[in-house]
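The sequence lines fix the lettering, A, B, ..., with proteins before strands; numbering per chain opens at 1.
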Number of protein chains: 2
Amino acid sequence: MTADCRPSEARVPDATVARLATYLRVLGVLRERAVTTVSSEELATAAGVNSAKLRKDLSYLGSYGIRGVGYHVSTLTDEIARTLGITVHRSVALIGVGNLGQALAGYNGFASRGFEIAALLDADPARIGSMILGHVVRDIADLEEVVAEHGITIAVLATPASVAQDVTDRLVVAGVTSILNFAPVLLTVPSHVDVRKVDLAAELQILSFHETRKAAAALAEAQ
Amino acid sequence: MTADCRPSEARVPDATVARLATYLRVLGVLRERAVTTVSSEELATAAGVNSAKLRKDLSYLGSYGIRGVGYHVSTLTDEIARTLGITVHRSVALIGVGNLGQALAGYNGFASRGFEIAALLDADPARIGSMILGHVVRDIADLEEVVAEHGITIAVLATPASVAQDVTDRLVVAGVTSILNFAPVLLTVPSHVDVRKVDLAAELQILSFHETRKAAAALAEAQ
DNA sequence: TAGATTGTTAATCGATTAACAATC
DNA sequence: TAGATTGTTAATCGATTAACAATC
């Protein structure tokens, strides 16, 4: 594979990838406001980062800015979307349609930012067959079939922790290579599979740590 | 403020704080299984990290291990919980009881890991006054009153993006100093307030980036 | 040309990790 | 004592950021 026109092979640091999603969101807001050009300083401020960091991040994608001018909102949007791979259609399966799963199924942010929830799956007979926001809930027993049907490679896991690993093993065999995990367990997967974990209680615990630190500082101040 | 007995003032790196929450979860599982002692190697494996990193992390809390033996599960649990500040009761307000907010209100993981959802607030008259999982939904107009009533310092923000900043400004004035933000906007807050952001679509975009990279690698392989 | 802003360099900072002396 | 495992050191790695030459 030659890469003489596109620098897409150049390794993009993890920290940069995470921020690209933020830049893309801000660019979307700018486009809605009919803003056509933006400087690194403006975009960085809107995204909550340092402008040097933003320019460094964008430099991994190539050279799409114009010195003395800034970046074209539309060009930059396209390049970031392409780098993130959301210019191709991405079908996502959502496993576990409990409390959280239903909320995720109804979350408009997925569709508006490049993803289609193509299938809902659950193990509960009471839920299987019911309609949730335009989708029939399918039996988890049909997981392999559903994944093949929609060419799914990304799954969102919102099952109870107790079954998360079993479901993961089946997803991997079925061909899923990316998992967004909401179950509070460490998933074991082969090296070609990526897992990202969202741990809501952990987020609160991190905030709690800083609360303690602030309370101690306030005490020291007062004394 | 003197600190001759407790090293709690020693700065704990951000990356370490985030992992402490994970260690605490794993220790909870061990305690359920009546395991009393664990080595850094075992705990690290269960948490998905390198054992050197785990020992380094724990060393910021003090010296609670026993050479040649490992760590007492109960001692370590207590010390991490104390460091994270979840030995004191933490009342949390949840703002925005839409799709996601309702799911968060019903999430058992909060209570089991040290937090009480003490109040639900919303602006929608159709929701105000209704009961959700044992809580009456209060009017967002009463925000200041509710925060004071329960001594709330941590808020979970699950409102539409359009009102997130306004609500945040009121929360800050009311005395909230930590916010877990699910709205896809950058919140502006004074420096004494901590914000953590959960961006679900961004998580999928990060996975999508790696999908693209893997697809390119597979192509290069095949060719 | 003059002013503005990018893309890149290099210094700095923080996090990770292997290795091992300390010690249970 | 012998074996095991911690806590810490120091080397390495990756990310951040100020500064500025390149250039629109």
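Side chain of A:Arg19 to main chain of A:Lys53: no donor-acceptor pair is present (N/O by atom type, distance under 3.5 Å, no hydrogens or angles). Listed for the A:Arg196 side chain is no donor-acceptor partner under 3.5 Å among the backbone atoms of B:Ile206.
Residues from residues 41-52 of chain B lying near DNA chain C, meaning a heavy-atom separation below 4.0 Å, are B:Asn50, B:Ala52 in numerical order.
Note that CG of A:Leu180 is 6.0 Å distant from CG of B:Leu207, once rounded to the nearest 0.5 Å.
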_Derivation and outcome, side-chain contact (heavy atoms from CB on, under 4.5 Å), residues B:Leu171 and B:Ile95_ = CA-CA 10 Å; B:Leu171 285 169; B:Ile95 328 283; 4.1 Å; yes

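Each end of the helix from C:dG3-D:dC24 to C:dC24-D:dG3 gets its own axis from five base pairs, and the two axes differ in direction by 10°, given to 10 degrees.
Looking at which nucleotide of DNA chain D each of A:Asp14 and B:Gly70 is closest to, the 5′-most match is held by B:Gly70. Between B:Ser59 and A:Val69, the residue whose closest nucleotide on DNA chain D is further toward the 5' end is B:Ser59.
The closest side-chain donor-acceptor pair between B:Asp57 and B:Thr16 falls under 3.5 angstrom.
In this view, B:Ser208 and A:Arg90 satisfy the side chain to side chain donor-acceptor pair (under 3.5 Å) rule, not counting sequence neighbours.
Note that the first and last nucleotides of DNA chain C, 5' to 3', having any atom under 4.0 angstrom from a heavy atom of chain B are C:dA15 to C:dC24.
Applying the salt bridge (charged side-chain N to carboxylate O under 4.0 Å, His left out) test to residues at least two apart or on different chains, none of the pairs has a partner in residues 30-45 of chain A. Sorted by first and then second residue, the side-chain hydrogen bond (donor to acceptor under 3.5 Å, both in side chains) pairs with a member in residues 98-118 of chain B read A:Asp199-B:Arg113, B:His89-B:Glu116; sequence neighbours excluded.
Heavy-atom minimum distance, B:Leu84 versus A:Thr212: O-OG1, 4.0 Å. Minimum heavy-atom separation, B:Asp14 to B:Arg11: N-NH2, 4.3 Å.
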